[in-house]
Amino acid sequence: MAPQGLGFLAGGGELGALMRQRDWAATPLGDPSTWPQSLRSALSTCLNSRAVSAIYWGPEFCLLYNEAYRPFLGSRHPWALGRTMQEVWPTLWQSLTTAARQVHETGEGVVAEDQRLLMERDGGLDETFWTYSFAPIRDETGKVAGIFLTALSTTERNLAERRQAFRLSLDERLRDLAAPAPILAEMSRSLGLHLGVGEVAYADVEPDGAFATITQAWTDDGAPRSAALGQNGRHRLDDYGPALVAELRRGRIVAIPDVRQDPRTCATEALAALDRISVAALLDVPLMKAGQMVAILAIHHATPRAWTRGEIALVGEVAARSWDAVERVRAEAALRVSEERLQLALGASGMVGLFDWHIPEDLLYPDERFARVFGVDAARAANGVPHAEFVQAMHPDDRLRVQAAIGRAVETGEPYDVEYRVLQPDGGARWLHVRGRCLRNAAGEPMRFPGTAVDIHARKLAEERQALLSREVDHRAKNALAVVQAALRLTRAPDLPSYVKAITGRVAALARAQTMLANEAWAGADLRAMLAAEMDAFLIRGPEGAPRATLDGPAVALPAGAAQPLAIVAHELATNAMKHGALSTAAGRVTVRWTRDEEPLGTLRLRWAETGGPPILSEPARRGFGSRVLAGVVHGQLGGSLLLTWHETGLVCDISLPLARIAGIPASDLAM
């Protein structure tokens, strides 16, 4: 119950009770018992309203408010009760008093829709949007004595719409960029225009952490600033304030509205360095890897500028998304380089190329090198070329023999292994050694005929070196073809580009494992080294410095025969994660952990776990080809156990291998 004479303060919840107990003598409003009836009536309405409501009373615009208004004050409640508008909202004073004085002077209400207001509260600055009305409160003489405020916050909707539009626009512009420099340039330009700042710069930090070099910079007037100073854009970080740089090295975003007022940058030396690059306000975001700062996104403005919490969050998010995009294109570039090296290696072995004859359609799909040998345009080859065109390009003396060999392979399923000449534009002939095999469907019908071709022209011409050259070519061809044939047996794909990509990826995995075995004289291979080599392109890091893939387990020496099959397993899991699983998204992670029984060749237990990828709603209705490859390798070749579990958070693959049994089987019987 309200004290006698204060019945107008009845209700209003906790705020009404607080008003009834408050000592009002220290405020411009004075004792509530002396308040005019017009204020009492308006305040009673305000306190009992569920809408955001407040009263600004008198010439000082003293603030009274209800429970719905209270959350927007933050820690200023209850101090704000009875305080003037200028005391409570110093950053809004100019914006609000114009409308408030208009109400006092004209006696008419004012309505504003989606008005942007910067509200300083709880140690930070927030960008807010409001639809509100100011209505006059008249005293007993009819004069406007106060203002009744009703408001609706539209902040969340406005900020969400603006940020979503910016994100979509930035993603659209970044989508087709395939190199780090254009990605960072577009990110800098977009952020600079969106925030309305003077400069956005990206700097790589040197390994010792003392210097950084500007590698990308955007300015609002196109004039170089940070990038033009120092030695080719190289800056000593501590020149700009050791305390500022220390926070960045700890991985913290630093926002400074006025460098002359902030203790981290107000020292004479720091101000001199900042003045040289025309910086009065800054917002810096560090990129951390393994706990070390490796790059900085720096946003500069030439005059003091308040940074809202929303802007700081947006800059941090954009920096993370851009760095993810950069890491993605770098990983893709690493994969391309790996594939190019494989192609060079295959070329060095004499291999001309690959082909895949689709028998029902009678269309042959060659890779670019195979098509070139037969004089077929690469653009046509991608869509398939009638098989007869390749037969027609053969030397007339060889055609019947080759066609007979093809017929036997299709009819009986025996391997296709022939040597023949291909006519060249200059009238000469090029000798090829071609191998392949006819593949059938479940009904036994011939469907595809994949194969490989090796150039043996030099061997045929150099008769005096025929024996030596034949042995050398045969040796190299067998090694190369054995690897490729294994990949062919394991591979299915809907089209030739996918088929070639799958083959080269699997052959690369086998080649890496073979290299490790060769370096150890085929005595065995280290499990961690094999996994690291296989997942090198995926061991990328996110914006917080955490690796995208983690390897964790004791030292394990794999028997020689297990290295290549396990390399295929790791390659299949990593490729699937990159295409469909955890590594297909920026937030995805892969953890590989393993244990081994105490004996040197005990049971190896390995778990591949994915998180953060596209949600898995249910277990696949049927096993894909990748699952069959894993089962064939783990069960069929290595005699181990395999369990695939599709959690909502990602795929988990558990593998158990009897190392002692594998070590007792000749490597030649286990190798791919």
Task: Test item: V569 and C653 side chains (from C-beta on) under 4.5 Å apart, heavy atoms - done: no
TODO: Please step through salt bridge (charged side-chain N to carboxylate O under 4.0 Å, His left out) for the pair R448 and D356, ending with a clear verdict.
DONE: CA-CA 7 Å; R448 293 176 45 235; D356 191 355; 2.8 Å; yes
Open item on the list: Can you confirm if the aromatic rings of W431 and H457 lie within a centre distance of less than 6.0 Å?
Closed with: no
Open item on the list: Run the salt bridge (charged side-chain N to carboxylate O under 4.0 Å, His left out) test on D398 and R401 for me, step by step, so that the C-alpha distance in whole Å, both residues' side-chain angles and the decisive distance to 0.1 Å come before the verdict.
Closed with: CA-CA 6 Å; D398 297 335; R401 176 173 54 85; 3.2 Å; yes
TODO: Kindly indicate, with the supporting measurements, whether the criterion ring pair (Phe, Tyr, Trp, His ring centres under 6.0 Å) is fulfilled by H358 and Y365.
DONE: CA-CA 8 Å; H358 289 210; Y365 293 85; 4.7 Å; yes
Open item on the list: Counting only heavy atoms from other residues, nucleotides and ligands, does the tally under 6.0 Å from CZ of R593 exceed 12?
Closed with: no
TODO: Check whether any side-chain heavy atom of L423 sits under 4.5 Å from a side-chain heavy atom of P396, and report yes or no.
DONE: yes
Task: Any L583 side-chain heavy atom under 4.5 Å of V590 side chain - done: yes
Open item on the list: Restricting to non-hydrogen atoms, name the atom on H635 and the atom on S641 that form the minimum distance, rounded to 0.1 Å.
Closed with: CE1-CA, 3.7 Å
Open item on the list: One thing to verify: whether D654 and R605 come together as a salt bridge, which I'm taking to mean a side-chain N less than 4.0 angstrom from a carboxylate O.
Closed with: no
Task: Gap separating the CD1 atom of I359 from the CG atom of L439, nearest 0.5 angstrom - done: 8.0 Å
Open item on the list: For E186, I'd like to know if atom CD has over 12 heavy atoms of other residues, nucleotides or ligands within 6.0 Å.
Closed with: yes
Task: Closest non-hydrogen atom pair, L630 against E572 - done: CD2-CB, 4.0 Å
- [ ] Evaluate the ring planes of W357 and H387, with Trp represented by its six-membered ring, and classify them as parallel (under 30°), tilted (30 to 60°) or perpendicular (over 60°).
- [x] parallel
Task: Distance, nearest 0.5 Å, that separates CD of E610 from OG1 of T649 - done: 9.5 Å
Task: Distance (rounded to the nearest 0.5 Å) between E419 CD and R435 CZ - done: 9.5 Å
TODO: Please indicate whether R399 has more than 12 foreign heavy atoms, meaning atoms of other residues, nucleotides or ligands, lying under 6.0 Å from its CZ.
DONE: yes
- [ ] For salt bridge (charged side-chain N to carboxylate O under 4.0 Å, His left out), just list the numbers for E389 and R380, CA-CA rounded to whole Å, side-chain angles, deciding distance to a tenth of an Å, and then say yes or no.
- [x] CA-CA 12 Å; E389 287 192 28; R380 289 185 59 223; 2.9 Å; yes
TODO: Measure up the F355 and F370 rings against each other and bin them: parallel (under 30°), tilted (30 to 60°), perpendicular (over 60°).
DONE: tilted
Task: Nearest heavy atoms of T585 and P614, plus distance in Å - done: CG2-CD, 3.8 Å
TODO: Please lay out, stage by stage, how E414 and R408 fare under the test salt bridge (charged side-chain N to carboxylate O under 4.0 Å, His left out).
DONE: CA-CA 7 Å; E414 70 179 50; R408 287 194 302 273; 3.6 Å; yes
Task: Nearest non-hydrogen partners of T595 and P554, listed with the distance - done: CA-CD, 4.4 Å
